[in-house]
Number of protein chains: 2
Amino acid sequence: MTKTSKKKATIYDLSVLSGSSPSTVSAVLNGTWQKRRIKESTAALIRDLAETHQYTANRQARGLRSSRSGLIGLLLPVHDNRYFSSMAQTFEAHVRSKGQCPIVVSASRDPEEERKTAETLISYSIDELFICGATDPDGVHEVCETVGLKHINIDLPGTKVPSVISDNYQGGRMLTEAIIRHFPADQPLRPDELYLFGGRDDHASRERIRGFRAVKRELLGEDPDGCIQPTGYAPNNARLAFEAFYEKHGKLPRGVFINSSINFEGLLRFMAGHPHENFADLTVGCYDYDPFASFLPFPVIMIRQDVEGMITKAFEVIEEGRPQPRIHLISPELVQPRTALTGPLDALKDIG
Amino acid sequence: MTKTSKKKATIYDLSVLSGSSPSTVSAVLNGTWQKRRIKESTAALIRDLAETHQYTANRQARGLRSSRSGLIGLLLPVHDNRYFSSMAQTFEAHVRSKGQCPIVVSASRDPEEERKTAETLISYSIDELFICGATDPDGVHEVCETVGLKHINIDLPGTKVPSVISDNYQGGRMLTEAIIRHFPADQPLRPDELYLFGGRDDHASRERIRGFRAVKRELLGEDPDGCIQPTGYAPNNARLAFEAFYEKHGKLPRGVFINSSINFEGLLRFMAGHPHENFADLTVGCYDYDPFASFLPFPVIMIRQDVEGMITKAFEVIEEGRPQPRIHLISPELVQPRTALTGPLDALKDIG
DNA sequence: CTTGTTTGCACAATCGATGGTGCAAAGACT
DNA sequence: AGTCTTTGCACCATCGATTGTGCAAACAAG
């Protein structure tokens, strides 16, 4: 093994080896050499040396000097959720295709944590920040703003910079209508048989609930307040709500609108403790898509949010010079029961 | 707003404001000030200024000087998979608790991509790298080794550094046995009725298959080679395998061992095109856990790998000075049908 | 052969933090 | 008062890359 090992080559090493100055080496290797009128032969020599010595630039040094890092951040509530992890997957692909490095971090839906996490990312001089599903997007905005960091909201809107979000009102309407229409005309759903569980007081939940209530009134004529059960996002709280309902009525509602797949897990936990027959006449609509959920023993109608569309839009908007803080709505898609959609994973090569 | 805005405060700013030298400011703010015999009052003053001016250290500068970045990397095959995303979630919590910054990146199971991704992370001077589910762990090892970067394998073993992996042989045995025993004694499974689908020629698949075959021979006395269908990880390949089987036999096997939840999605795709009755007598064992899958209309026995245990072990091992390249096996857990387990998400606060 | 222009590159400052070294002032001791 | 310690901090080189500027050599024009 040559002296290559253990210590990475720097432009100074290559400078000695090539007989050129460090600045020349730098220029050659970062592509600005034409502008600096470096001879093609000199450039070729240096590129060659770089190759054989496996030179790669020290990004910390580059970042320090240029105050750019090549890092683009994505702030998520959590990783282990199908929706957000597909956000991460899609985001990563986009960032990589721009030749930059994605850095995905979660902040547990905690406003304080969100801000601190953003601060940390900023201390690494990230170039842009995508704020996804943040509980307090404007709080994060503050810390970005003071250092002039480009940022954008996804999934939950803020008021200071553009937001790309799912059309939750429309999605809520679609899903509610689909649930109602799923019941045969001779056994129609009564208003007090259609409940909504999960979500809390965030923009997405509010919009979905608004859509739910509007459609319910339009199609069923009525919408008792008690049918809305915003239990938060924790699966166990949702479970408790189902348990409570069951205690009181001896059964579940025939129609259930569940605010997210995480809440849906609350229903699963309920199911684990109750026999099959409780679910014979149940139709669920879930505002999230999960292929396994789609094949449960009762009809599950789902909403798939257009993650690819949102990320694409977000990149478009963030590239604009001075984007207005408007909200860009991306339409979600209704998924009928027993449907196995393809996802980003299908793009992977797998030569078995 | 004070002059604080737009540009981050540096130790030089604080140095001017406090009347001390930059090195003093640096020492105070990075905790080495006692060693440098800085007066408590001086330190207090500087801390105060730092506070009011919202100073945070520029990590690129610090990293450049100290050749450490505070970043710890996790290399994943993909994000949008329950197993790997819970890896990410758990990993992140551990790293944060050490006061460092997690950086999670996926490399699509592509050896070339894995190496390039590692190179990129290295160029940011990450301090440690956790290589999870890599197709070619030893390839990644090479690039880590040349720069002296601490690293460890998770989920799929390498031969050069320690590996923390699931006990796939044992898990394969458990799952196979559970499938067989799930059939009533009066309608026992025949050897040619128990198939394995999915996976490819990686260590995990091989071990699971070894466990599968061993138990099959022990309990059913025989194990025709045709019962092993390593279709790779792509859902669609698995689907095609199911379709092919169905074409040939007019039904599915009664017992199916599926190598991963991703492959399981292949079965879902098959199901979407076939009526319910094809699954009346089906029992599935899946080497992965997904709560929704656990409640499908046919019995689904699952294996949950101990992600928390693996990550914890990995951190322990990587802290050791010169760890031997041995393999640490972590036992997975058998999950009976219709079971909704809790996960990392349950730790989140959610005050609805 | 002189003057002007272009080519090709070297020099040196800079980004922000770190840490070894040196040195004045304050205190201890004789 | 003189010497020795200790205290408290400033100075400066350094990490590796970027970039504005300067300048000699090569070449062109007159």
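The sequence lines fix the lettering, A, B, ..., with proteins before strands; numbering per chain opens at 1. Heavy atoms only: backbone and side chains are in, while hydrogens, waters and symmetry mates are out.
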For nucleotides 25-29 of chain D, list the nitrogen or oxygen atoms of the protein found under 3.5 Å from its nitrogen or oxygen atoms, one pair per line.
none

A:L76 vs A:V104 side-chain heavy atoms within contact, under 4.5 Å | yes

Near-strand residues of residues 10-19 of chain B, defined as heavy-atom separation under 4.0 angstrom from DNA chain C | B:T10, B:I11, B:Y12

Kindly say if A:S23 contacts the phosphate of D:dA17, meaning a side-chain N or O under 4.0 Å from OP1 or OP2.
-> no

Heavy-atom closest pair, residues B:P323 and B:P162 | CB-CG, 3.4 Å

Strand contacts (DNA chain D) in residues 24-41 of chain A, 4.0 angstrom heavy-atom criterion | A:S26, A:N30, A:R36

For the helix from C:dC1-D:dG30 to C:dT30-D:dA1, what angle lies between the axis at the first five pairs and the axis at the last five pairs, to 10 degrees?
-> 50°

The first and last nucleotides of DNA chain C lying within contact of chain A, meaning any atom under 4.0 Å from one of its heavy atoms, run from C:dT7 to C:dG16

Exercise: identify the closest heavy-atom pair between B:D136 and B:P111 = CB-CB, 3.9 Å

Keeping the roles fixed (side chain from B:H151, backbone from B:L149), state whether a donor-acceptor pair exists under 3.5 Å.
-> yes

State the CZ-CD distance between B:R96 and B:E92, to the nearest 0.5 angstrom.
-> 5.0 Å

Of A:A61 and A:T42, whose nearest nucleotide on DNA chain C comes first from the 5' end?
-> A:T42

Indicate whether any N or O donor in one side chain lies under 3.5 Å from an N or O acceptor in the other, for A:Y233 and A:D202.
-> yes

Closest heavy-atom pair, B:P325 versus B:T159, reported as atoms and distance to 0.1 Å, is CB-O, 3.6 Å

Verify side-chain contact (heavy atoms from CB on, under 4.5 Å) between A:K150 and A:L129, making sure each step is shown before the conclusion.
-> CA-CA 6 Å; A:K150 270 167 102 173; A:L129 179 59; over 6 Å; no

Counting distance only, does the side-chain N/O of A:S125 pair as donor-acceptor with the main-chain N or O of A:R68 below 3.5 Å?
-> no

Would you say the side-chain atoms of B:T32 pair up with the backbone N or O of B:K35, donor to acceptor, closer than 3.5 Å?
-> no

Protein-nucleotide distance (A:R68, atom CZ; D:dT19, atom P), rounded to Å = 10 Å

If we only count heavy atoms from C-beta on, is the B:V164 to B:I152 side-chain gap below 4.5 Å?
-> yes

Without swapping roles, check the side chain of A:Q89 against the backbone of B:H79 for a donor-acceptor pair under 3.5 Å.
-> yes

What residues, two or more places apart in sequence or in another chain, satisfy ring pair (Phe, Tyr, Trp, His ring centres under 6.0 Å) together with A:F130?
-> A:F91, A:F315

Atom CD1 of A:I46 and atom P of D:dA17 are separated, to the nearest Å, by 13 Å

Which is it for A:Y55 and A:D13 under the side-chain hydrogen bond (donor to acceptor under 3.5 Å, both in side chains) test, yes or no, and what are the steps along the way?
-> CA-CA 10 Å; A:Y55 170 84; A:D13 301 333; over 6 Å; no

Hey, does the side chain of A:T312 reach the backbone of A:E308 with a donor-acceptor pair shorter than 3.5 angstrom?
-> yes

